[in-house]
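Notes follow once the structure below has been shown.
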Amino acid sequence: MDARSVFGKNAYYCDEGAELKEISRLLNCGLHQMGLGVILLDPDRKCVYANRHAFSMFHSEEDLEVLYGAFSGWMSSQGIEPSTGSWCRLYENRGKKRLFKVRYRVLVDDFNKGLGYMYTIQNLSDIVENDTGEQYRMTHDELTGLYNREGFCAAAQSALRDSEKTYLLLYSNIKDFKLFNQLFGLDKGNDILINIGEMMIQHVKEEDIYGRINGDHFVLCMPKERFNEKNFKKIVREITGKVTSKSYSLHIQIGIYEITDPCMDITLMCDRAYMACKSIKKDGVCEIAWYSDEMLVNALLEKEILSSFDFAIINRQFGIYIQPQVFADGKVFAVEALARWLHPENGLIQPGVFIDVLERADLIYKLDRYIWELAARQVADWKGTEFEDISISVNVSPKDLYYLDIKKEFTELIEKYDIDPKSLNIEITETAVTSDVNKCAKLILELQSRGFLVEIDDFGSGYSSLNMLKDINADVLKIDMGFLRKTENQKRAQVILNYTIDMAHELGMNVITEGVETVDQLDFLTGMGCTMFQGFYFDRPMPVELFEKKYKNK
Ligand code: C2E
Ligand code: MG
Ligand code: MG
């Protein structure tokens, strides 16, 4: 048999007449010099070849079956599937630990017919233990064996410098991964990260640079011309499918930054891709967002808000505007206290700008506690005045439920200001309630037993609104008119609204409709049996002094 008929066109450089034995000897020698252990299996997965390195790595006698038994035993003890493309694990034998990196390839001939399988094993212990080992440790992630932040940035910078192509930088986040670690433990979390790393290796091409830059964040730098969003999502779904279990499904968010200036600092590129990633609000298995300059502006604004927030609280830059809650004839029975930031340079800032930012940064409880105190003080100031009967509603953010002892906070306030709990109403949003119905149901009962009135805010904005009502016994349901505005099917929405109002009344709750802007809306809601309203049609939120002036003697 001549060499070409055995090696096919891959043996392009071999002499047509060369003896097979001679070539085998040469290949053996070449493989040896590369320092890799090599194990070859035939199509039935029987071990047909191993080089000397492989034997010595697994301390086997010169017997292929024994060697392959040791190798595959180690592989399965590590929970690795035989067809895993690339992985890195410690191998312990006779008290000595070594770090092996294994690659697996399916070998096919020129016609794609399976010839067998190959494992190459690289002993990384030498690199890790000697001088260059320091370098390796500094640039690689111990858990997955991929590049770490330093390694990724250096490799990406040099690849971008040497390439003419336009590259994309992809930054991934596993949604609620912290929660996963809490629920299932760090080991399970690590397994997932290792699996993702391995699957990443299977899908990337040689020109791609990738790594895990921290926690659950993987990055990938790849040419734009090869990126196809649909295929990419398919691959990500495949990956998540493999690590999804009955009790948990992975949701991956990916931010993409298109690299327009290859000389830009890679860290800045990562920040931008991360910004895109953070902008994702949807909850699919794989969601993708592309970076835009607007995100940068928002991020800067967010940063500014966060860095000046503490100073603003200490320097009393936050205040309340109040918006009347009225009966159909315009008579005010309560007001809602709405936070406003009276910024010394930027003027009046609406809550739409800062509430979300503070919620994301877990700082909202500081603002809320401050606003509740302003409202309680206002109730106290109105004692003995004509506004005495007007209660003030305050907002409770979903996050407050985790950071504050709400019942204690409000009890302390009514004691400190010596006010009636019925004059300080508590608005909890529907999303807060649905995020933990049991906890909220208990809290609401406790607040009610202490004399407070509890309102469910923004009712109808979530998906499980009705379901929640069987467990929650609030005093007031606040329905937003947005409920009607958002839908294309007005008629159906009206029917639902009508029944919701009836049902709330049946359940012993009052209904306030928010966002009433026109007389038509008022008539239509009154026709449905709604008697309490809040909206621009009656009045906008305003400073307390203005309210007092406007509503004096009314
Ligand atoms: P919310 O609690 O549902 O408050 C009602 C919001 O609807 C207010 O916006 C109010 O100005 C607006 N609104 C009232 N009537 C109408 C109307 O007829 N048409 C329209 N288009 N809008 C109307 P604002 O003051 O901008 O507050 C927005 C949201 O910010 C509030 O919604 C609340 O969720 C949050 N928020 C405000 N202050 C605080 C606070 O102190 N703490 C917390 N956690 N959240 C707050
Ligand atoms: Mg509210
Ligand atoms: Mg509301």
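First listed ligand is number 1; within each ligand, the first listed atom is number 1.
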Point to revise | Worked check of side-chain hydrogen bond (donor to acceptor under 3.5 Å, both in side chains) between Glu336 and Gln323 | key: CA-CA 5 Å; Glu336 177 173 4; Gln323 184 179 28; over 6 Å; no
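The CG atom of Leu367 sits 5.5 Å away from atom CD1 of Ile355, with the distance rounded to the nearest 0.5 Å. Distance check: Asp400 CG to Trp372 CH2 gives 4.0 Å after rounding to the nearest 0.5 Å.
Take the Mg ion (ligand 2) and draw a sphere of radius 2.8 Å; the protein N/O/S atoms inside it number 4.
Pocket lining of ligand 1, defined as residues with a non-hydrogen atom under 4.0 Å away: Gln323, Glu336, Leu338, Ala339, Arg340, Pro351, Ile355, Asp368, Ile371, Asn395, Ser397, Glu427, Asp457, Asp458, Glu514, Gly515, Val516, Glu517, Gly535, Phe536, Pro541.
Under the 6.0 Å cut-off for aromatic ring centres, Phe318 and Phe309 qualify, their centroids lying closer than that. Note: Phe387 and Tyr551 fail the aromatic proximity criterion, with ring centroids not under 6.0 Å apart.
Applying the salt bridge (charged side-chain N to carboxylate O under 4.0 Å, His left out) rule to pairs touching residues 289-305 yields Glu302-Arg360, sequence neighbours excluded. Within the structure, ring-ring contact (aromatic ring centres under 6.0 Å, His included) pairs that include any residue of residues 430-455 comprise Phe410-Phe452 (at least two apart or interchain).
Partner of Lys422 under the side chain to side chain contact (heavy atoms under 4.5 Å, CB included) criterion, out of Asp389, Leu453, Asp475: Leu453 alone.
Residue Lys178 qualifies as open at atom NZ: its count of foreign heavy atoms under 6.0 Å is 12 or below.
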